[in-house]
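Below: the structure, in structure tokens.
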Amino acid sequence: MGFTMGLNLLLLVAMVATNILSLYHLSSTLQSTKSPVSQPVPDHLIRQLQTIRATINHLTRLHPTAAASASKTKLSIPSDLVLYSQFSPIASSCHSNPELLHKFMNYTPFSSCPSDSDLAEALILRGCHPLPRRRCFAKTPQKPSSSLPQNPFASSLPESNILWGKYSCKGFGCLNRLNPNLGFDPSHEITKFMTFKTELDLPIPQLLQIAKAANSVLRLGLDIGGGTATFAARMKLYNVTMVTTTMNLGAPYNEVAALRGLVPLHVPLQQRLPIFDGVMDLVRCGHAVNRWIPVKSMEFLFYDLDRVLRVGGYLWFDHFFSKGVDLDKLYSPLITKLGYRKVKWATANKTDSGGLKNGEVYLTALLQKPVPS
């Protein structure tokens, strides 16, 4: 209520000031018509008038009526992760989404922050990375479990450590029934990345053997779009430290990765990775990196992955899929442009309904970053 009154008062003051300046400008113009010599309007008055008009426009956009009308529009999280990727100066994407940003920053100071992490994620997916809220406290579970698993493949995870209110499912059982491959069933996850079924597979023991044969040590790695961090969990058992980028698209992926004792990075694919140059031994691109990414976004991503990889490090495209013709004409040249050594390069037809309909193929490629010439 106080916020609304404050905005109305500012609008009133701005309009009064505009009217006064307009009358002053009009009177000056009338007086100048009586004089044989016309006098130009002073520059400082023009600048003041432009500033006031800009302020009125800005306040009108932030007026609660605009925010209320925007709140009626349902914010749907896109299925593809970079639908709203934008390449523009910092904060310009925030400027393009003022209603969302206003809702995100509309909270009561010195109290609990709203339970709207999905709103922050909606901004992030649109290329806007808002500053953290100040003067409010992030909500935490009412009765979190003090016993956290040391084993990343524990038989169960404490559901009481997750705020379920913002999700349609209210427990792991619901998520597992919805889709057992989402990554929320540790007993199902423990079998992944360990077996060789087709040429597209690269089991972790084989990956470690390749690195050992090349006298290349794997210590640090990054998993792009790794869901609940199952790959990082498996690598942890081999004393390899992995961090995982993941988004909470309808389920608590970040929370579960952390419950497993792993590090989630809540960043989208179009963001510059918060990792220093040349420090990673391995980067894995899983299901998140595929043909639905705009080509320009994908090229920026590839060169950012090159930035964080050390010389001799490995870039692994794990079951990258695209249309067969696009793989030959578009994506293979894009990958080859990096100049990496091909350790493994295997392709096969994608045989599910979507793959058959669109003529899609899989690519699994293990590439090694060369020493610069």
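Residue numbers run from 1 in the order of the sequence given. What you see is a predicted model; the values in this text were computed from it and never measured.
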CA sep, side-chain torsions, deciding dist, call: Phe317, Phe302, ring pair (Phe, Tyr, Trp, His ring centres under 6.0 Å): CA-CA 11 Å; Phe317 293 98; Phe302 287 178; 5.2 Å; yes

May I ask you to decide if [Y]'s main-chain N or O and [X]'s side chain share a donor-acceptor pair within less than 3.5 Å?
X: Asp281; Y: Leu220; value: yes
X: Asp326; Y: Tyr331; value: no
X: Gln270; Y: Leu125; value: yes
X: Asp352; Y: Gly355; value: yes
X: Gln368; Y: Tyr314; value: no
X: Lys166; Y: Leu163; value: no
X: Thr245; Y: Gly225; value: yes
X: Asn290; Y: Trp292; value: no
X: Lys170; Y: Gly165; value: yes
X: Thr246; Y: Pro264; value: no

Evaluate the side-chain proximity of [Y] to [X]: yes if any heavy-atom separation is below 4.5 Å, no if none is.
X: Leu222; Y: Ile275; value: yes
X: Asp201; Y: His319; value: yes
X: Phe300; Y: Leu305; value: no
X: Val240; Y: Arg219; value: no
X: Thr244; Y: Leu265; value: no
X: Leu259; Y: Asn161; value: yes
X: Leu218; Y: Leu207; value: yes
X: Leu367; Y: Ile335; value: yes

Stepwise side chain to side chain contact (heavy atoms under 4.5 Å, CB included) test for Leu363 and Trp345: CA-CA 7 Å; Leu363 165 69; Trp345 187 278; 3.6 Å; yes

From CA spacing to verdict: side chain to side chain contact (heavy atoms under 4.5 Å, CB included), Leu366, Leu315: CA-CA 6 Å; Leu366 183 66; Leu315 176 58; over 6 Å; no

Could you verify whether a donor N or O on one side chain and an acceptor N or O on the other, from [X] and [Y], lie under 3.5 Å apart?
X: Asp185; Y: Ser187; value: yes
X: Asn254; Y: Asn248; value: yes
X: Thr230; Y: Arg260; value: yes
X: Asn349; Y: Tyr362; value: no
X: Arg310; Y: Ser216; value: yes

Pair Arg291-Asn358, side chain to side chain contact (heavy atoms under 4.5 Å, CB included): steps then yes or no: CA-CA 12 Å; Arg291 74 176 180 92; Asn358 297 306; 3.6 Å; yes

Between [atom1] on residue [X] and [atom2] on residue [Y], distance to nearest 0.5 Å:
X: Met298; Y: Ser322; atom1: CE; atom2: OG; answer: 8.0 Å
X: Asn239; Y: Leu208; atom1: CG; atom2: CG; answer: 10.5 Å
X: Lys236; Y: Thr241; atom1: NZ; atom2: OG1; answer: 9.0 Å
X: Glu255; Y: Glu159; atom1: CD; atom2: CD; answer: 12.5 Å
X: Leu273; Y: Gln271; atom1: CG; atom2: CD; answer: 7.5 Å
X: Cys169; Y: Leu178; atom1: SG; atom2: CG; answer: 5.5 Å

Please report the closest heavy-atom contact between [X] and [Y], naming both atoms and the distance.
X: Ala288; Y: Ile293; value: O-CD1, 3.8 Å
X: Pro205; Y: Tyr238; value: CG-OH, 3.9 Å
X: Tyr107; Y: Arg135; value: CE1-O, 4.1 Å
X: Leu148; Y: Ser145; value: CD2-O, 4.0 Å
X: Ile204; Y: Met194; value: CB-SD, 4.4 Å
X: Lys369; Y: Asp306; value: NZ-O, 2.7 Å

Ion pair Glu299/Lys296, N-O distance below 4.0 Å: no

Is there a path of hydrophobic side-chain contacts, each under 4.5 Å between heavy atoms of I/L/V/M/F/W/Y residues, joining [Y] to [X]?
X: Phe320; Y: Val343; value: no
X: Phe110; Y: Phe104; value: no
X: Val283; Y: Val267; value: yes
X: Val311; Y: Ile210; value: no
X: Met242; Y: Leu269; value: no

Cation-pi check, Arg234 onto Phe193 ring (under 6.0 Å, within 45° of axis): no

Ring-face cation of Lys350 near Phe321 (centre distance under 6.0 Å, axis angle within 45°): yes

Side chain to side chain contact (heavy atoms under 4.5 Å, CB included) evaluation trace for Met235 with Asp223: CA-CA 11 Å; Met235 294 295 281; Asp223 190 15; over 6 Å; no

Parallel, tilted or perpendicular: ring planes of Tyr253 versus Phe184, cut at 30 and 60 degrees: tilted

Aromatic plane relationship, Trp164 with Phe172 - under 30° parallel, 30 to 60° tilted, over 60° perpendicular: perpendicular

